[in-house]
Amino acid sequence: MKSSQNKVTTLAAAITSLIKDNCHLSIGGFTINRNPMAAVYEIIRQRKRGLHLYAHSNGQGVDELVGAGCVRRLEIAYAGSGRFAPTCVRFRKAVERGELTVEDYSNYQMTLRFMAGAMGLPFLPTRSGLGTDIIKHWGFSKELRNSDETLPKQKLVTIDNPFGNWCESPKLVLVPAINPDVTIIHVQQADRRGNARIKGLTFADVEQAKAARHLIITCEELVEEDFLKRDPDHNQIPFIHVDAVVPIPWGAYPTACYRHYDYDPRYLNNYRQAAEDDKSYQTYLAEKILKPADHQEFLALSDKKHLKSLVADPETGYAVGLERS
Amino acid sequence: MKSSQNKVTTLAAAITSLIKDNCHLSIGGFTINRNPMAAVYEIIRQRKRGLHLYAHSNGQGVDELVGAGCVRRLEIAYAGSGRFAPTCVRFRKAVERGELTVEDYSNYQMTLRFMAGAMGLPFLPTRSGLGTDIIKHWGFSKELRNSDETLPKQKLVTIDNPFGNWCESPKLVLVPAINPDVTIIHVQQADRRGNARIKGLTFADVEQAKAARHLIITCEELVEEDFLKRDPDHNQIPFIHVDAVVPIPWGAYPTACYRHYDYDPRYLNNYRQAAEDDKSYQTYLAEKILKPADHQEFLALSDKKHLKSLVADPETGYAVGLERS
Amino acid sequence: MTVRIENGYSRREMMTIAAAREIFDGEIVFCGTGISMLAAMAAKNISAPQSTIFFETGAIDSRLEEVPLAVADSRVMYLTAVNGGLAEAFATMQNRFTGSRVVGILGAAQIDIYGNLNSTVIGDYQQPDVRFSGSGGACDVASFVNRTIIFMQHEKRKFVEKLDYLTSPGWINGPGGRERIGLGPGGPETVITNLGILRFAKETKKMYLAACYPGVTPEEVQQKTGFALDLERAEAFPPPTNAELKILRERCDPQRLILN
Amino acid sequence: MTVRIENGYSRREMMTIAAAREIFDGEIVFCGTGISMLAAMAAKNISAPQSTIFFETGAIDSRLEEVPLAVADSRVMYLTAVNGGLAEAFATMQNRFTGSRVVGILGAAQIDIYGNLNSTVIGDYQQPDVRFSGSGGACDVASFVNRTIIFMQHEKRKFVEKLDYLTSPGWINGPGGRERIGLGPGGPETVITNLGILRFAKETKKMYLAACYPGVTPEEVQQKTGFALDLERAEAFPPPTNAELKILRERCDPQRLILN
């Protein structure tokens, strides 16, 4: 698939063919920005179960997958959506109820884990974690790790610096690589072969993309190949990593997509309120996510004028003066 | 210096204040592209001695520094200038005559060493080097390494993967970080605070820049700060790493600077011929490098029409149809 | 938190300005979501114009024209020096030359006397009573940078003898504690709460009360702290000036998205 | 090398085309300077249009309209998928999913019977008789990728019993040699010289003569090889076709910057 010349497909087809129950998945974005929400909702609609999910701080996407019951295990640094949810609500409830096994890392550790996967390495070192319970407490038990070959045998390993005190670093924490079965990211522009351009901060999307066995790219705009190749300094992902390209405008909504649209404060506030109560959350799921057949129908639930108020200002890349309280 | 608002200075002043005899220096660029040649020639003019030089494949710059007698020790992956010198001539002679101590690594190892320095880590792992003489043979002896605290105690260290066979990597080579006293890179655009944009391939310049205690940036164009900040996705180096900014058009000449000018085949061919003979090389040094007071006078030795033939085509970024035989 | 006190400013405004005053000109300021971001904006606009606002998401030297509601908010991407990613941002802090110029502003659910922080769980890690967001970049920042400033709500259950989970390293267990576990010498310097300012004694690395806000007594602070505090050095804290308040309210958060 | 032989093509042209024929459509082709770059260009233009030309300097899928004279030549930066740097390029090869689709084309100063390469020194490492450029990316490529194709000048002093310095790993010391030292299973597949084509026996991983160019005898190859070669399997090599030569000469290197 990766060498094919045309990888453009529908979201439903990409999710059906690449996301299997119990597979290891990572999603791009950060808290309330550029989460691949259209793909998240399609996974929920297809009622995928038992996912092993990797994220760093991908707030909204993680919480919706957890809330919909798709996730069995979660490796994460941070489950929050900024001011809209200092701790993601469905995540918090699932953990407190013992419905979700979580393995905690820091943001840099998760970034390095994806980076190691992208670099083809089993681990990378850092000084972050020394002396903390992130090292001491394992969310995945030794037994689980020993019985599941898709997991590294250790959560983290501390070693003495083999170069003595070189760089004033007597000890290092080694973080194990992640190679997800599938990564899904949402970008501003891609071509039909899968070359992709992210505008604004890339978060850890590039590392997550290159670490994966399979990569699904959803994009705001499908552009001609030479459009991206004419300015290759601004592209981050070459087609050789990509399996599927899905053009899907507003594909990160209700999170933001820099230079296209802002996050939707109203949606995110309503989401948090719905999430606080099981019954209202089931209603949210049924009405907002499962009832629409696809992302277009989902978007059609919001009035057009409201969506228009989120459109990014061309100068700043966000919706200047947006009502956000 | 790094927090100052205006770091613009002359090349002579930057080299005088930051490059000390015997210091550890790294230069950016790759073979015949974007070497910081104006800075290299200024170092030669200021008759700096005893430099400990780090490079990966920075052909022309390395060979001229070695040829002029500035370099005491060299850590390098590759000393060549493409078709113009499969092995750099003054480098080859210096090594064969025992005038230069060399420590060999691979290109990726050198890249990782700079990357480790930039990341604040004492080492990074790779699978490259296993089973080779790059690991077995040390250019810097154990005694030297033990007696000089600016060097890591080991050239490379091989370890067993502490995560077992995770990622099918039973063994790893650890490469020690480099933190040069000074890095010099040449870029297309910088502002007075030191924010910098490289166009085209970045080689390992960004890692070299961030690994260094002090950073000198020479640039083709000095631009307004907001010019670069308006398009921050295309910048690689934030001002927080930078000590000095030196605007110097044709600052990479006779190597290429993508989108500005091509390498000069005539210069590089003449250089190789001069380099083959000690006497002709001394003449080259005296006439071409030491006699001109600065880079402008150096450039004035080439006729304008010839230089004009090297100017990059705006579409492709190089001099289309340039006579290169 | 929205209660206004005697001379017309809220505790939240005072906390923000107290933190802003701790930032030195020329520093690189790591900030998270909410009040810490506002403190960095206030410092930049009031007393540290040459400071550089910096986010773990990869934005360096953001020109914040509207207050971001998350560190990934598109507002942090506008007119930056470089838009990178997490890898670059954390490397900047772990980097020996830039990390030593970074001041980090952190918050947490629990803090102990040595400034170690918990932002992960209350109760047992495997079966927590309360689950929080987790480290995010907090552990990384606390491990790498030159010094940190910590925001806390001052409650007994938050200032504890023993953390339920150590997410981010402070002074660990006293002098030399960081070095013993392999970390660099930088650590927590100031804790800013809704009652006052706490710092760490040079000799013991234990937290002490450095200042109380107007209307707060040292005894009240001790009462709301789960371990014994040295109260002897507590001074009165100079309240926000009109100039500070004006800039905070009009330039940093005119919509009162964080101040309220 | 510029000698033209019987039916109107040079040995260098034949070598280039022989290598191009070894590249499969859809592969990612790592190439260095000179003839290996030309081979990749020839393959792309003749038989492997879906192959991706890729350079260690960070250029992926370059549209080569003029032949580059170094892997850092600005010509490799034109109309690429991504312009990155060395870190990204080597990671692509070390990456488990992309590295397994890369074919590397390498050259060297010495080769042994297991395809191990020397591009560093002749003589003692500390006091070499001849110093070459060094590894560059060769050791990395030879360590990471799925398979390699090696260009060599066929001389006895270059095909040696024992390398003066092992720069880049081939099959090390035979079957299982790579795995024993911790490398993946990919290794050298073909050696293309100015006399013919050599491959490695499945069972022993030793080099054997697979084909001779027109006008070359197996005995001549053995004579110019410093170790015993299995000559039994040598076939006649089909010379370049007119179509191949036309594309190579007219589209890939019309200025004959590398062919001459």
Side-chain angles (χ1 to χ4, degrees), chain A residues 108 111-113 115-117 119-128 145-146 149-179 188 197-202 211 230-236 258-259 315-317, chain B residues 108 111-113 115-117 119-128 145-146 149-179 188 197-202 211 230-236 258-259 315-317:
Chain A
Y108 193 39
T111 304
L112 290 172
R113 295 186 66 200
M115 197 190 293
M119 293 170 78
L121 290 171
F123 63 83
L124 281 170
T126 175
R127 289 201 308 277
S128 179
R145 288 177 177 278
N146 279 324
E149 62 173 18
T150 67
L151 300 175
K153 298 267 177 286
Q154 284 111 324
K155 179 185 180 184
L156 293 162
V157 171
T158 306
I159 64 163
D160 289 331
N161 179 355
F163 295 91
N165 199 30
W166 187 239
C167 300
E168 289 132 45
S169 294
K171 281 176 196 297
L172 282 304
V173 179
L174 307 183
V175 299
I178 296 171
N179 288 122
Q188 281 84 353
R197 179 177 299 172
I198 296 170
K199 298 184 185 180
L201 298 174
T202 53
R230 254 195 299 278
D231 223 349
D233 299 13
H234 309 158
N235 308 335
Q236 295 89 0
Y258 183 59
R259 300 221 158 273
E315 160 73 13
T316 61
Chain B
Y108 192 40
T111 303
L112 290 171
R113 296 186 66 199
M115 197 190 293
M119 292 169 79
L121 290 171
F123 61 83
L124 280 171
T126 175
R127 290 201 308 275
S128 179
R145 288 178 176 276
N146 280 324
E149 61 173 20
T150 67
L151 300 176
K153 298 267 177 285
Q154 285 110 322
K155 178 186 180 185
L156 293 163
V157 171
T158 305
I159 63 163
D160 290 330
N161 180 356
F163 295 90
N165 200 30
W166 188 240
C167 300
E168 289 133 44
S169 293
K171 283 177 194 295
L172 282 305
V173 179
L174 306 182
V175 300
I178 297 172
N179 287 122
Q188 280 85 353
R197 180 176 299 172
I198 296 170
K199 298 183 186 182
L201 298 174
T202 53
R230 254 195 299 278
D231 224 348
D233 299 11
H234 308 158
N235 308 333
Q236 295 89 359
Y258 181 60
R259 301 222 155 271
E315 160 72 14
T316 60

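By convention in this document, chain letters (A, B, ...) are assigned in the order of the sequence lines, proteins followed by strands, and residues within each chain are numbered from 1. Keep in mind that the numbers below use all heavy atoms, side chains included, and drop hydrogens, waters and symmetry copies. Everything numeric in this text was worked out from a predicted model, so none of it was measured.
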Ile198(A) versus chain B, heavy atoms under 4.5 Å apart: side chain, backbone, both or neither? backbone
Classify the ring geometry of His234(B) against His234(A): parallel below 30°, tilted from 30° to 60°, perpendicular beyond 60°. parallel
Residue set satisfying side chain to side chain contact (heavy atoms under 4.5 Å, CB included) with Thr126(B), at least two apart, ordered chain then number -> Tyr108(B), Gln109(B), Leu112(B), Ser128(B), Val173(B), Val175(B), Gln94(D), Phe144(D)
Identify which part of Glu168(A) has an atom lying under 4.5 Å from any heavy atom of chain B, answering side chain, backbone, both or neither. neither
Contact check, side chains of Cys167(A) and Pro152(B), non-hydrogen atoms, under 4.5 Å: no
Pair count under 4.5 Å, heavy atoms only, with chain A: among Leu172(B), Ile159(B), Leu201(B), highest is Leu172(B)
Partner chain B: residue of Leu174(A), Thr202(A), Leu124(A) with the largest heavy-atom pair count (under 4.5 Å): Leu174(A)
Going by the side chain to side chain donor-acceptor pair (under 3.5 Å) test, which pairs reach into residues 157-167 of chain B, not counting sequence neighbours? Asp160(B)-Lys171(B)
Quick check on Pro176(B) against chain A: is it the side chain, the backbone, both or neither that has a heavy atom closer than 4.5 Å? both
Identify which of Arg230(A), Glu149(A), Glu315(A), Met119(A) forms the greatest number of heavy-atom pairs closer than 4.5 Å to chain B. Met119(A)
Among the options Gly117(B), Pro125(B), Ala116(B), pick out the one with the most heavy-atom pairs lying under 4.5 Å from chain A. Pro125(B)
Heavy-atom proximity to chain B below 4.5 Å, by part of Pro232(A): neither
So which of Lys153(A), Arg127(A), Gln154(A) has the largest heavy-atom pair count under 4.5 angstrom toward chain B? Gln154(A)
Rounded to the nearest 0.5 Å, what separation is found between the CZ atom of Arg259(B) and the CG atom of Asp233(A)? 7.5 Å
Which atoms of Thr316(A) approach chain B - backbone, side chain, both or neither, heavy atom under 4.5 Å: neither
